[in-house]
Amino acid sequence: MRTKKIMCIMLAMTMMVLSACTSVTVNNTVQPADDAKNEANDVVDGETVEAVEAVEAAEKEEIKDAAKPVYKLVRQYFGQYYEGTNKTDGDGEPLEGKKVYDGTNQTIMLADESKELYPDLYENLNAEAKKEIEAAKKYADSMIGQANEDADSSVTDKRPFIGPWTDYVQENIIRADRKVISYTRDFSSFSGGAHGIYGKSGITYDVKTGKRLVLTDVVDTTKDNLVSVLKEKLLKMGEERDEEDGDVFFDLDETLEGYSLTVQNDPANYYEFSGDDAETETDTDTETDTETGFVWYLGYDGIHFYFGPYELAAYALGDWEVIIGYDEFPGTVKEQYLPNTDEGYVTASFIPVWSSDSDDSSDDSLHFTFKAEDEQYDDSEYIDATSLTLKKGSKEAVAEDEYFSYSYSKNSSRQYRVVTADNREYIYVDLLTFNDYTDVVVFDITGGDIKLAGVHTCHLVYEDTGDDTYAGEFIPTDPDNMYYAEVGDLLGTYTCYGRYVVGPDGLPQFADSDYRINWGSEDVTSLKDITVTVLDEKGNETGEEAVPAGTHFVPVRTDNKTYMDCTVDGERTVRLKYTKTDYPAEIDGISVDDLFDGLIYAG
């Protein structure tokens with residue numbers, strides 16, 4: 001029973017650490033599969049087989065042609081310095097100015113761009129996300145209070161305060177296509193003691209229905225068969241980790257049998273804490289309050305099963321992840337949830353990163369190294385770096401003169417593995433540089449080689465729906481539908497974004513006819529009469545006219561080169577055409593600063 005107790009502790013710890021752009025045009029001109037179903041209802045018995053096949057074909061075609069969902073990542077940051085009256089802790093170390101708590105939380109939501117096409121997913125995924133965001137804040141507030149109390153009690157206990165306490169949560173999309181979104185919540189936590197704890201949970205939704213899937217929705221096998229496969233793979237992994245004694249597990253049979261295929265380890269059913277009291281919400285569909293479900297998620301390579309430290313073996317042996325390939329045991333994963341093999345995809349990448357000073361020249365694994373600027377220490381919260389290298393054995397590629405800040409604990413740079421439909425493979429790394437600019441460093445790893453494809457400098461696209469709590473950056477999930485932003489100053493400073501695809505050289509390549517304004521001057525009023533080009537509802541030019549001084553202009557889209565489209569007085573759309581586009585921009589030879597009031601410039 002020790003194993004079951006450890007499993008419950010791990011589940012509780014996983015639940016305790018909570019996972020803390022405007023309009024995109026999508027093509028929704030798909031022949032609904034429901035039409036084929038209606039036709040099938042009208043056939044005679046002799047045509048039943050053909051009718052069913054027609055329905056299935058129509059449903060597959062609908063899935064194939066529908067635009068993929070667009071997701072955003074909402075970030076939260078928490079931190080607190082000591083607020084008590086003690087000058088030092090029980091060991092004489094300063095408490096004044098010491099951080100007692102540090103935390104981050106990330107939550108995935110469906111962007112408003114995809115609300116109309118995927119209404120059920122939008123409702124269900126975002127409702128759970130909002131609960132997680134609120135719960136993360138509540139949890140952080142509770143931990144801040146406890147960390148301050150621990151700092152104070154260290155004085156009376158005559159011991160050091162070991163801090164700051166930390167909770168870092170990162171959500172990563174592993175698979176996102178027209179069938180499912182499957183992502184992980186990776187966490188690490190420390191609240192004093194000998195060491196922290198880490199782990200992950202898996203979450204999968206059916207994109208079309210918006211349903212949060214349980215394991216039995218996805219697999220078509222018995223529990224005995226699944227346990228048998230997992231056990232065989234885990235035993236081999238145990239032998240590799242301990243060559244002298246492969247028997248590293250507590251009681252593998254009992255542990256695996258203790259998991260349920262129908263219980264959902266739902267992020268919404270977390271432990272909510274108030275001080276030291278915990279109250280558990282339970283899913284009414286689960287079998288009992290004490291059962292634990294497998295932690296699983298879907299990748300492009302197969303179905304993944306995850307077991308955290310202490311679940312199967314001692315903490316020192318780490319966590320365990322088993323992948324059952326889709327082709328390894330055909331039929332294990334239901335056909336409706338198999339990925340399409342003829343499409344490209346983007347998935348989160350987890351290539352390890354460390355300082356070049358700590359690099360082991362004998363390490364043949366794929367890994368990143370960065371060169372730290374001046375004399376810094378790897379345990380600093382943020383390290384200023386001047387270059388990034390991807391290497392494996394004797395192969396490497398270096399992005400020189402890349403100035404960015406890196407944090408080991410906060411995963412400050414996000415990585416993506418990008419695979420195109422023609423089987424080119426790249427690693428995209430987002431590096432936050434200066435003035436909110438991001439360098440997307442692209443490495444080409446096609447065919448096992450390593451080359452630097454180049455660097456795309458941009459802004460990330462943020463969708464702000466009017467509530468900063470749920471503002472988030474777009475996440476790339478499709479090599480043919482990625483979104484990045486540029487900065488312009490045709491009408492004050494603004495950011496504008498559009499659709500990008502993976503270009504022939506591997507870098508993001510602009511693929512839209514124009515950019516949409518993401519942020520800019522919204523209180524712009526003309527100071528003089530201005531000749532504009534009038535646009536119809538489809539954006540076609542219909543003629544010119546003069547608009548009077550005092551007209552209110554709101555920028556909505558631009559090619560960022562020759563024109564800016566604006567709504568005037570909130571009623572119609574007109575186009576401003578420029579005769580000079582470098583700062584200061586000019587219209588008909590007159591500076592925009594002389595034509596408009598209310599222009600905002602940044603920098």
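For reference, positions follow the sequence shown, starting with 1. Keep in mind that what you see is a predicted model, and the values were worked out from it rather than measured.
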Asks: Using a 3.5 Å distance criterion without hydrogens, assess whether the side chain of Asp569 forms a donor-acceptor pair with backbone atoms of Glu571.
Replies: no
Asks: Could you measure the distance from the OH atom of Tyr462 to the CG atom of Asp436? Nearest 0.5 Å is fine.
Replies: 7.5 Å
Asks: For the side chain to side chain contact (heavy atoms under 4.5 Å, CB included) test, which of Ile203, Leu298, Ile108 pairs with Ile181?
Replies: Ile108
Asks: Drop me the distance from Glu134's CD to Thr469's OG1, to the nearest 0.5 angstrom.
Replies: 8.5 Å
Asks: If I compare all heavy atoms of Ala485 with all of Val461, which pair ends up nearest, and what's the gap?
Replies: N-CG2, 3.7 Å
Asks: Kindly indicate whether the side chain of Pro164, heavy atoms from C-beta on, has any atom under 4.5 Å from the side chain of Val100.
Replies: no
Asks: Mind running side-chain contact (heavy atoms from CB on, under 4.5 Å) on Lys130 and Thr107 for me, showing each step along the way?
Replies: CA-CA 9 Å; Lys130 290 178 180 180; Thr107 308; over 6 Å; no
Asks: Working to the nearest 0.5 Å, report the span between CG of Leu110 and CG of Asp120.
Replies: 11.0 Å
Asks: How close do His367 and Ile351 get, heavy atom to heavy atom, and via which atoms?
Replies: CA-CG2, 3.5 Å
Asks: Taking 4.0 angstrom as the limit, do Arg424 and Asp422 come out as a salt bridge?
Replies: yes
Asks: Please report the shortest heavy-atom distance between Gly299 and Ile174, naming the atom on each side.
Replies: CA-CG2, 3.8 Å
Asks: If you compare all heavy atoms of Pro508 against all heavy atoms of Val442, which two are closest, and at what distance to 0.1 Å?
Replies: CD-CG2, 4.3 Å
Asks: State whether the side chain of Lys138 and the backbone N or O of Ser142 hold a donor-acceptor pair below 3.5 Å, judged by distance alone.
Replies: no
Asks: Among side-chain atoms of Tyr168 and Asp102, is any donor-acceptor pair under 3.5 angstrom?
Replies: yes
Asks: Check the surroundings of atom NZ in Lys371: do more than 12 heavy atoms from other residues, nucleotides or ligands lie under 6.0 Å from it?
Replies: no
Asks: Please find out if less than 6.0 Å separates the ring center of His459 from that of Tyr437.
Replies: yes
Asks: Does a salt bridge link Glu545 with Arg572, judged by any charged N lying under 4.0 Å from a carboxylate O?
Replies: yes
Asks: Side chains of Glu486 and Phe510, heavy atoms from C-beta outward: is any pair under 4.5 Å?
Replies: no
Asks: Judged by atom type as modelled, is there a donor-acceptor pair below 3.5 Å linking the side chain of Glu171 to the main-chain atoms of Leu73?
Replies: no
Asks: For the residue pair Gln80 and Met143, establish whether any side-chain heavy-atom pair is separated by less than 4.5 Å.
Replies: no
Asks: Is a side-chain N or O of Thr581 found less than 3.5 angstrom from the main chain of Thr562, in a donor-acceptor match?
Replies: no
Asks: Please report the C-alpha distance between Ser526 and Phe596 in whole Å, then the side-chain angles of each, then the deciding distance to 0.1 Å, and finally whether the side-chain contact (heavy atoms from CB on, under 4.5 Å) criterion is met.
Replies: CA-CA 4 Å; Ser526 57; Phe596 298 98; 4.2 Å; yes
Asks: May I ask you to check whether Asp430 and Ser413 show a side-chain donor-acceptor distance below 3.5 Å?
Replies: no
Asks: Please evaluate residues Arg417 and Tyr345 with respect to the criterion side-chain contact (heavy atoms from CB on, under 4.5 Å), reporting the C-alpha separation (whole Å), side-chain torsions for both, the decisive distance (0.1 Å), and the verdict.
Replies: CA-CA 8 Å; Arg417 179 170 168 253; Tyr345 60 87; 3.1 Å; yes
Asks: Yes or no on side-chain hydrogen bond (donor to acceptor under 3.5 Å, both in side chains) for Tyr470 and Asp468, after CA distance, side-chain angles and deciding distance?
Replies: CA-CA 5 Å; Tyr470 308 122; Asp468 290 343; over 6 Å; no
Asks: How long is the gap from CD1 on Ile173 to OH on Tyr297, to the nearest 0.5 Å?
Replies: 13.5 Å
Asks: Has Asn124 got a side-chain atom pairing as donor or acceptor with Gly210's backbone, closer than 3.5 angstrom?
Replies: yes
Asks: Quick one about Tyr494 and Asn560 (side-chain donor to acceptor, distance below 3.5 Å, no hydrogens or angles considered), yes or no?
Replies: yes
Asks: Salt bridge or not between Arg212 and Glu128? Use side-chain N to carboxylate O under 4.0 Å.
Replies: no
Asks: Side-chain contact, heavy-atom cut-off 4.5 Å: Asp523 with His552?
Replies: yes
Asks: Check the pair Tyr198, Asp186 against side-chain hydrogen bond (donor to acceptor under 3.5 Å, both in side chains), reporting the backbone distance first and the verdict last.
Replies: CA-CA 8 Å; Tyr198 62 92; Asp186 301 72; over 6 Å; no
Asks: How about Thr493 and Ile600: do any of their side-chain heavy atoms sit closer than 4.5 Å?
Replies: no
Asks: Verify the ring-centre separation between Tyr71 and Tyr183: is it less than 6.0 angstrom?
Replies: no
Asks: Once rounded to the nearest 0.5 Å, what's the spacing between atom OG1 of Thr567 and atom CZ of Arg557?
Replies: 10.0 Å
Asks: Evaluate the side-chain proximity of Tyr416 to Ile475: yes if any heavy-atom separation is below 4.5 Å, no if none is.
Replies: yes
Asks: Would you say Asp593 and Tyr601 are linked by a side-chain donor-acceptor pair, where the criterion is simply a distance under 3.5 Å?
Replies: yes
Asks: Under 4.5 Å between any side-chain heavy atoms of Trp354 and Asp359, yes or no?
Replies: yes
Asks: Between Lys68 and Glu343, is there a side-chain N and carboxylate O pair less than 4.0 Å apart?
Replies: yes
Asks: Which pair of non-hydrogen atoms, one from Leu452 and one from Ala397, has the smallest distance, and what is that distance?
Replies: N-CB, 3.5 Å
Asks: A quick test of your reading: do over 12 heavy atoms of other residues, nucleotides or ligands sit less than 6.0 Å from OH of Tyr81?
Replies: no
Asks: For Phe368 and Phe443: C-alpha separation, side-chain torsions, deciding distance, then whether ring-ring contact (aromatic ring centres under 6.0 Å, His included) applies.
Replies: CA-CA 11 Å; Phe368 283 107; Phe443 293 93; 5.7 Å; yes
Asks: Using modelled atom types and a 3.5 Å cut-off, is there a donor and acceptor pairing between side-chain atoms of Asp559 and backbone atoms of Lys561?
Replies: yes
Asks: Assess the residue pair Glu541 and Leu535 against the criterion (side-chain contact (heavy atoms from CB on, under 4.5 Å)); give the C-alpha distance rounded to whole Å, side-chain angles, the decisive distance to 0.1 Å, and a yes or no.
Replies: CA-CA 5 Å; Glu541 298 183 1; Leu535 305 178; 3.7 Å; yes
Asks: Nearest 0.5 Å, what's the CG-OH distance between Leu213 and Tyr205?
Replies: 9.5 Å
Asks: Look at Asp206 together with Lys211 and state whether they make a salt bridge at an N to O cut-off of under 4.0 Å.
Replies: no
Asks: Taking all non-hydrogen atoms of both residues, which atom of Asp529 and which atom of Pro548 are closest, and how far apart?
Replies: OD1-CA, 3.2 Å
Asks: Measure the acute angle between the ring planes of Tyr497 and Tyr483, then classify it against the limits of 30° and 60° as parallel, tilted or perpendicular.
Replies: perpendicular
Asks: Can any side-chain N or O of Asp489 pair as donor or acceptor with the backbone N or O of Gly492 at less than 3.5 Å?
Replies: no
Asks: Taking it one step at a time, do Asp112 and Tyr122 satisfy side-chain hydrogen bond (donor to acceptor under 3.5 Å, both in side chains)?
Replies: CA-CA 8 Å; Asp112 279 7; Tyr122 183 88; 2.6 Å; yes
Asks: Side chains of Asn172 and Arg414: does their closest heavy-atom pair fall under 4.5 Å?
Replies: yes
Asks: Let me see the working for Ser356 and Thr369 under side-chain hydrogen bond (donor to acceptor under 3.5 Å, both in side chains), right down to the final yes or no.
Replies: CA-CA 5 Å; Ser356 57; Thr369 63; 5.6 Å; no
Asks: Look only at the side chain of Tyr426 and the backbone of Thr446, and say whether a donor-acceptor pair between them is shorter than 3.5 Å.
Replies: no
